[in-house]
Each structure stands twice: as structure tokens, then as C-alpha cells.
There are 2 protein chains.
Amino acid sequence: MSFTYEYPRPALTVDCVVFGVDEGGLKILLIERDIEPFAGRWALPGGHVHIDEEIEDAARRELEEETGVDKLFLEQLYTFGAVDRDPRGRVVTVAYYALVRLADHRVRAATDARDAAWFAADALPPLAFDHAKIVEVARARLRGKVRYEPIGFELLPRKFTLSQLQRLYEIVLERPLDKRNFRKKILAMELLVELDEHETGVAHRAARLYRFDERRYRRLVRQGFNFEI
Amino acid sequence: MSFTYEYPRPALTVDCVVFGVDEGGLKILLIERDIEPFAGRWALPGGHVHIDEEIEDAARRELEEETGVDKLFLEQLYTFGAVDRDPRGRVVTVAYYALVRLADHRVRAATDARDAAWFAADALPPLAFDHAKIVEVARARLRGKVRYEPIGFELLPRKFTLSQLQRLYEIVLERPLDKRNFRKKILAMELLVELDEHETGVAHRAARLYRFDERRYRRLVRQGFNFEI
DNA sequence: AGTATTAGTGTCGTTTTCACACTAAGAAGC
DNA sequence: GCTTCTTAGTGTGAAAACGACACTAATACT
């Protein structure tokens with residue numbers, strides 16, 4: 001079957017920059033390409049948008065297919081369409097970025113035999129196409145966004161300690177934060193619920209666990225509250 | 001001539017939300033459609049991306065063709081691709097927003113007989129396709145952006161008074177600002193050059209003119225300076 | 001019992017923000 | 001040329017936010 005148009009049309013794809021955080025810092029999920037061009041290179045998960053499919057749905061589908069990652073924070077990043085970005089012809093890609101709880105998605109082999117792996121964000125291998133550029137834009141967006149919106153929680157386990165949260169912010173913002181000031185500020189926002197639980201299995205005083213209260217967050221958003229860190 | 005592909009492809013277009021400001025407030029440039037669908041309705045200027053053309057170049061070309069507006073601040077906004085957004089079939093549009101000095105682009109008839117006109121941003125006529133949605137996203141982005149980056153100058157004449165600048169911010173941010181605090185803050189950024197000129201033709205004390213110093217701005221950007229209003 | 005490691009907590013000086021009201025200058029009308 | 005009208009232009013003080021800073025508490029391990 002084939003499809004014919006009066007004027008030439010670019011192919012439309014999606015690509016996803018999937019962020020995770022662990023003790024080692026910020027991680028990005030990549031898959032190894034098994035076909036030309038760039039066979040054997042690492043690339044962002046992504047693929048073609050079906051003709052009857054919402055663009056964001058295509059991004060979720062590709063993530064699910066290639067990496068088993070589902071139900072995550074996903075937001076449109078930017079559309080990249082440089083004429084020469086794909087040697088096969090004009091391909092325009094709508095890039096998304098996603099945040100996942102790394103613990104829930106540890107090492108996942110891809111379903112279709114392609115290798116998927118997490119890489120440290122500042123030690124990525126050479127990437128296919130213009131994906132290095134896309135990653136740069138995504139990192140800048142994450143930095144900017146985390147500063148003003150509490151999206152960092154998407155990267156942590158559902159129950160977390162304040163120290164984990166602070167480390168997360170330090171990793172994303174790439175600067176150290178003062179412990180006391182950080183705790184004061186984050187607790188003052190009243191977005192966290194103090195749980196009656198503490199972490200376990202640590203060789204030191206166990207820290208209290210908190211969870212993010214999404215309902216309270218949404219209420220505060222409606223009131224125009226400011227979540228700047 | 002025709003073009004054939006193995007899989008169906010969406011058409012790719014650009015649409016532009018062009019902002020201007022005058023005494024009456026925030027304005028948006030619209031064109032009247034002369035063909036179906038939505039013939040006779042107002043719509044955002046835009047059109048198809050040529051196969052060998054950068055997406056942003058397409059946006060500039062369409063603006064130039066349809067409205068005679070050129071050399072302006074133009075930034076990608078978001079990509080809209082809802083399956084049913086165009087009754088003719090799948091059309092994905094990369095939306096841009098632009099800022100122009102209204103005085104330089106007063107009432108321009110379009111070159112191809114389509115009517116172009118400025119409308120008050122909060123009294124727009126019914127728009128074609130999902131353009132009302134695109135406008136909403138663009139207004140939110142403008143509000144957010146102007147808060148943290150000095151892009152407002154793109155909307156003013158090259159020489160302007162502090163009162164004009166303040167009115168601009170009040171219009172975009174949709175809230176009143178204190179005169180003294182505003183002046184203190186904006187002058188402290190050292191982005192403005194005080195000129196040895198004053199406005200003329202006003203029935204009251206003439207205000208001093210200023211201009212935006214773009215070189216100084218770029219230098220401060222490199223130093224990570226914060227331009228929050 | 002001692003050691004090692006991270007959790008958890010308060011104060012104070014500095015800076016930033018915000019509210020607020022009068023005089024200065026020029027044009028227009030008389 | 002005096003008055004009136006209108007907008008330009010300017011400083012202070014109180015309150016809030018920010019940022020630097022150091023010790024005790026709890027637990028696991030030896």
C-alpha cells in the first residue's frame with residue numbers, strides 16, 4: 001500500500017529524553033539502533049507518529065514499546081526539523097521529555113531485542129542524528145522547570161527523605177544547597193506530607209519519609225502560588 | 001507532479017501568533033481566510049512548510065508573504081497535531097509567536113488580497129481550526145517569558161519612555177505595577193541607555209527617552225544575570 | 001562502649017520587596 | 001502671564017525573604 005500527495009511531505013516522528021535520578025546523578029535512557037543510518041549507535045527512544053494517533057500518544061507508545069516505561073510525566077519539549085538532520089530525507093521530530101522513578105524501571109531490556117540502557121547525563125556516548133542537541137535542550141528545560149515547578153517528585157520514589165529530595169535538586173540544578181534553608185523552604189510550601197515512617201537499612205540515624213501531596217499542589221496552583229526553590 | 005510514500009504522512013504547517021502593543025493594549029495579527037475550510041473566518045497567519053525549508057524560515061516566509069512583517073522576534077511555541085484539528089485530514093502545525101513594533105507595521109493589507117488586521121487580544125473574533133487554543137498558549141507563554149527575560153522591548157518603539165515600558169508590562173502581565181518600584185528595578189538592571197531626548201507633542205511634562213542596550217544585555221546573559229521583573 | 005555517619009534543628013545580619021505622596025515640568029486655556 | 005491640567009520624576013521605612021552558619025540526636029557497626 002502506498003500514499004500519494006500533491007506536494008512532498010516530511011516524515012513525522014517523536015523522540016523522548018527520559019530522565020531518571022539515582023545516587024550516581026542524572027541519568028538518561030538510550031536505546032541502541034539496530035538499523036541504518038547510525039546502526040549500532042545509541043539514540044533517544046522514538047519513532048514514527050501514526051497517521052491517526054495523537055503526537056503525545058505516539059511518544060508514550062514508543063516509550064512503552066522500546067523500554068517498557070509507562071505512565072510517566074511527559075511534556076512536549078521542542079520540534080526539531082533541520083532539513084539535513086536525517087540522511088534518509090526530511091524528518092521532523094517532535095521531542096518530549098519524561099521523568100521516571102528510576103527504582104521502578106531499573107534495567108529494562110527492550111521488548112524488540114534492541115538494547116536499552118541508562119547513561120549518566122554528562123557522560124553520554126555519541127548519539128545518532130541531532131540527538132545530542134535534543135538532550136541539551138531537554139537538560140536546559142529540566143533545570144529551568146524544576147526551579148519553578150515541583151516536578152522533581154516525579155524522579156523520586158513515592159516515599160522519600162528530605163535528604164534525597166535535596167540531592168535531587170542539587171543534581172538537577174548543578175549546585176549545592178544549604179540543608180537548613182532547603183528544608184525550611186520546601187516545608188513552608190506545604191506540599192509534603194510527613195509520614196509516620198522512616199527509612200530502613202541505613203547505617204546511621206534513619207530519616208523520616210515524606211510524600212508529595214498532589215491534591216494540595218493542584219489547589220495551590222489554582223491560587224497562583226509560587227513554587228520557586 | 002506527485003509524491004508517494006509507503007506510509008501516510010501528515011501535512012506540516014506553521015502558524016504564527018504575532019503580538020503588538022499600542023495604547024489600546026495587546027493586539028494580535030489575524031488574516032481572513034479566503035478558502036474552505038473556514039472561508040471568511042479569521043485565522044493565524046501561516047502555511048505549509050516547504051520540503052527543503054527550515055521550519056522557522058517557513059514561519060518567517062509566511063509572515064512576510066501574508067502580512068509584510070519582517071525581521072522580528074520569533075520563537076517556537078508548541079506543536080499542535082490533534083488528529084481532528086483540520087477537517088481536510090491530518091495536519092500538524094508548529095506554532096511560533098512573534099513580537100513586533102506595532103508602529104512600524106500599522107495597517108498592512110496582505111499582498112495576496114487576503115485581509116490582515118490587528119485585533120485586541122481579549123476581543124478576538126471566532127477563529128478557524130484550533131487557533132483560539134494556540135493563541136491561549138501563546139499568551140500564557142508571553143506572560144511567563146516577559147517576567148524573566150527583557151523581550152518586551154521588541155514590542156516598543158526603539159526609543160521609549162519609562163511610562164510606556166511600564167504600561168507594556170502592565171498590559172502583558174495583566175496587573176498594575178508601582179511606578180517608583182518599577183523604575184528602580186528596571187534601571188538597576190542597567191539595560192537601558194538614557195538618551196538626551198524627550199518625547200514631543202504631549203500636553204504635559206515631556207518624559208525622557210531611553211533605548212534598550214542589546215549588547216549590554218547579551219553580556220549580562222553570559223554572566224547568568226537575572227532579569228526578573 | 002566507642003565510632004562513624006547522616007538526620008534534624010534556630011538565629012541573626014543582610015538584602016529585597018513593597019507600600020506610599022509629593023514636587024517638577026510643560027501645554028493649553030483663559 | 002496666570003491658572004489649570006496632566007504626567008514625569010523622586011526616597012523612605014517597615015516587613016519579609018534570604019543566606020550563612022554549628023551543634024546535638026539517632027542508629028548501625030565494630
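Every chain is numbered from 1, with letters handed out A, B, ... down the list of sequences.
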B/Arg143 with B/Glu174: basic N within carboxylate O range, under 4.0 Å
yes
Rounded to whole Å, how long is the line connecting atom NE2 of A/His198 with atom C1' of D/dA26?
10 Å
Closest-nucleotide 5' rank along DNA chain C - winner of B/Lys185 and A/Arg208
A/Arg208
Counting heavy atoms from C-beta on, name the nucleotide in D/dG11, C/dA27, C/dA7 closest to the side chain of B/Lys184.
D/dG11
Give one of base, sugar-phosphate or nothing for B/Ala203, where a contact means two heavy atoms less than 4.0 Å apart.
base
Rounded to whole Å, please give me the gap between CZ in A/Phe160 and P in C/dT6.
20 Å
Atom-to-atom span, CG of B/Leu177 to C1' of C/dT17 - whole angstrom:
13 Å
Given the options A/Arg211, A/Arg216, A/Arg215, A/Asp213 meets side-chain hydrogen bond (donor to acceptor under 3.5 Å, both in side chains) only with A/Arg216
Answer yes or no: side-chain N or O of A/Arg183 and base N or O of C/dA7 forming a donor-acceptor pair under 3.5 Å.
no
Ring-plane angle category for B/Phe153 and B/Phe160, please: parallel below 30°, perpendicular beyond 60°, tilted otherwise.
tilted
Rounded off to whole Å, could you give me the CG-to-P distance for the B/Asp178 and C/dT17 pair?
13 Å
Looking at A/Arg208 and A/Glu197, is there a salt bridge between them, counting it only when a charged N and a carboxylate O are closer than 4.0 Å?
no
Looking for any heavy atom pair under 4.0 Å, which part of the strands does B/Ser163 touch: base, sugar-phosphate only, or nothing?
sugar-phosphate
Quickly work out the B/Phe182 CZ to D/dT7 P distance and round it to whole Å.
18 Å
Using heavy atoms to find the nearest nucleotide of DNA chain D for A/His204 and A/Asn181 separately, return the residue whose nucleotide is more 5′.
A/Asn181
Nearest-angstrom distance from the residue atom CG of A/Leu187 to C1' of C/dG8
11 Å
Roughly how many Å is it from NZ in A/Lys179 to C1' in D/dC23, rounded to a whole number?
11 Å
I need the CZ-C1' distance between A/Arg205 and D/dC23, as an integer number of Å.
13 Å
Among C/dC20, D/dA28, C/dG8, find the nucleotide with the atom closest to the side chain of B/Arg180.
C/dC20
So do B/Tyr217 and B/Pro150 actually touch side chain to side chain, heavy atoms under 4.5 Å?
yes
